[in-house]
Amino acid sequence: MKIYLFNFLFLLGVLGGMCGCSSDENQIDTDLSHSILDNNIGEKWEGVGLPSWLEERYFDFVLHETEWLVESYKGYGLCEVYKFSYKGNLLLALTYSRFAFRQNYYYESGTLCYTDDGRRVRFEDVEDDFKESSVLLETNRFDNETVPQVADFGLKNVESLGWLQGTIDKICKDIQEPEQLLGKVACGYAYDNDCTYIVLDYVYFDKSNLDEGEIKIRNVYTLEGERVNVSEDMDIKEENLCVQEIASMFVGL
């Protein structure tokens, strides 16, 4: 009986030790402590929508790690927020691509990464998992639902301007982010004698041609959609054009 009890306790100890090792190994696999850069813990995020702490974390990055707030020219910036999984941990990544001016036009980009409770994570440590499992949550690019609509420009008889919406859609599609960034689209009327025309302006940046700065394109069309040459006689006033600009994802940034 004693031998049986000893063998049972010994086996129980071995199994317990194996389970303990397995648990420790699992903890090591999922531990992010070596990659966490701060201890700014916020409200736990469940992966739906944007977390309550993200705007504050982004502003902290802009304030302490960039010179964006002191630049005389406010550049256009593309932001995209993703969620992804790293060894069972829910993480958030915010990518930014920015065209701005500081003595010369320049381009910069990067990725900020956070745990589900808002602690900063070294992105390079989890980048491979981001590439494999990231899901886009939100972006401020002109895309899908955010493509400027003809009805938003204050034009008349918008039901007859399907061609104009198609032109705007194509512009948004042809500007290839993040290498290029569409900053704004503007529409309005121009007049030449007794004729009325529609003006379509757009501004974009090109990473491969930064010396150009803002690249401004202006096209003029008849009300039926036929493109015409821009004439000096056309009464085109910038203040009469309605502008749709790429919006910042966060207020004031």
Side-chain angles (χ1 to χ4, degrees), residues 54-55 57-82 92-114 120 122-124 127-128 130-131 134 136-148 152-153 167-188 199-221 227 229-230 236-239 241-253:
L54 182 58
E55 183 171 354
R57 297 292 189 272
Y58 185 62
F59 180 77
D60 184 70
F61 161 75
V62 172
L63 182 63
H64 295 103
E65 300 182 45
T66 78
E67 297 182 2
W68 300 352
L69 298 181
V70 298
E71 292 174 346
S72 59
Y73 173 86
K74 185 178 180 181
Y76 290 106
L78 173 68
C79 282
E80 296 183 320
V81 178
Y82 299 83
L92 177 145
L94 187 156
T95 67
Y96 61 89
S97 303
R98 190 170 181 272
F99 291 85
F101 182 85
R102 189 188 304 131
Q103 296 181 336
N104 296 294
Y105 282 100
Y106 71 94
Y107 169 85
E108 64 179 324
S109 63
T111 303
L112 307 174
C113 186
Y114 302 93
R120 183 88 171 265
R122 187 182 297 107
F123 180 66
E124 292 78 8
E127 186 172 3
D128 289 343
F130 170 78
K131 293 177 180 178
S134 61
L136 179 64
L137 297 176
E138 190 163 330
T139 177
N140 67 333
R141 74 168 70 211
F142 287 135
D143 188 27
N144 297 326
E145 297 178 359
T146 60
V147 169
D152 298 331
F153 291 104
T167 302
I168 294 172
D169 291 347
K170 187 175 187 306
I171 290 170
C172 293
K173 182 178 180 180
D174 289 347
I175 302 296
Q176 297 297 313
E177 289 115 346
E179 299 300 310
Q180 297 174 323
L181 178 62
L182 181 61
K184 64 182 178 182
V185 178
C187 273
V199 180
L200 174 60
D201 287 358
Y202 62 97
V203 174
Y204 73 99
F205 288 86
D206 191 330
K207 181 180 176 182
S208 64
N209 193 15
L210 288 177
D211 291 339
E212 285 290 326
E214 293 186 343
I215 301 173
K216 300 178 181 180
I217 306 296
R218 166 166 290 171
N219 291 318
V220 178
Y221 303 88
R227 185 175 170 182
N229 294 326
V230 180
I236 301 176
K237 292 183 171 61
E238 296 283 346
E239 61 270 21
L241 302 181
C242 183
V243 177
Q244 300 285 322
E245 285 191 289
I246 185 172
S248 173
M249 191 174 291
F250 304 105
V251 177
L253 293 175

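Quantities reported herein were computed from a predicted structural model and do not represent experimental measurements. Heavy-atom basis, side chains included; hydrogens, waters and symmetry copies ignored.
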Quiz item: Backbone N or O of Ala247 within a donor-acceptor pair of the Asn140 side chain at under 3.5 Å?
Solution: yes

Quiz item: Is the shortest heavy-atom distance from the side chain of Leu210 to the side chain of Asn104 under 4.5 Å?
Solution: no

Practice problem: For Asp201, check salt bridge (charged side-chain N to carboxylate O under 4.0 Å, His left out) against everything at least two apart and list the hits. | Solution: Arg218

Practice problem: Could you tell me whether the side chain of Ser134 and the main chain of Lys131 form a donor-acceptor pair under 3.5 Å? | Solution: no

Practice problem: Answer yes or no: does atom CZ of Arg227 have more than 12 heavy-atom neighbours from other residues, nucleotides or ligands under 6.0 Å? | Solution: no

Quiz item: Got a sec, which residues hit salt bridge (charged side-chain N to carboxylate O under 4.0 Å, His left out) with Glu124, two or more places apart in sequence or on another chain?
Solution: none

Self-check item: Partner residues of Glu239 under the salt bridge (charged side-chain N to carboxylate O under 4.0 Å, His left out) criterion, sequence neighbours left out
Solution: none

Quiz prompt | Backbone of Cys79 reached by a side-chain donor or acceptor of Thr139 within 3.5 Å | solution = yes

Self-check item: Pairing residues for Tyr221 by the ring-ring contact (aromatic ring centres under 6.0 Å, His included) criterion, not counting sequence neighbours
Solution: Trp163

Quiz item: Considering residues at least two apart in sequence or located in another chain, which fulfil the salt bridge (charged side-chain N to carboxylate O under 4.0 Å, His left out) criterion with Lys173?
Solution: none

Self-check item: Side chain proximity check, Arg141 to Glu80, heavy atoms < 4.5 angstrom
Solution: yes

Exercise. Please name all residues satisfying ring-ring contact (aromatic ring centres under 6.0 Å, His included) with Phe99, sequence neighbours left out, ordered by chain then number.
Key: Tyr107, Phe205

Self-check item: Step-by-step side chain to side chain contact (heavy atoms under 4.5 Å, CB included) determination, Phe61 to Tyr96
Solution: CA-CA 12 Å; Phe61 161 75; Tyr96 61 89; 3.4 Å; yes

Quiz prompt | Atom CD of Glu67 with >12 non-hydrogen neighbours under 6.0 angstrom | solution = no

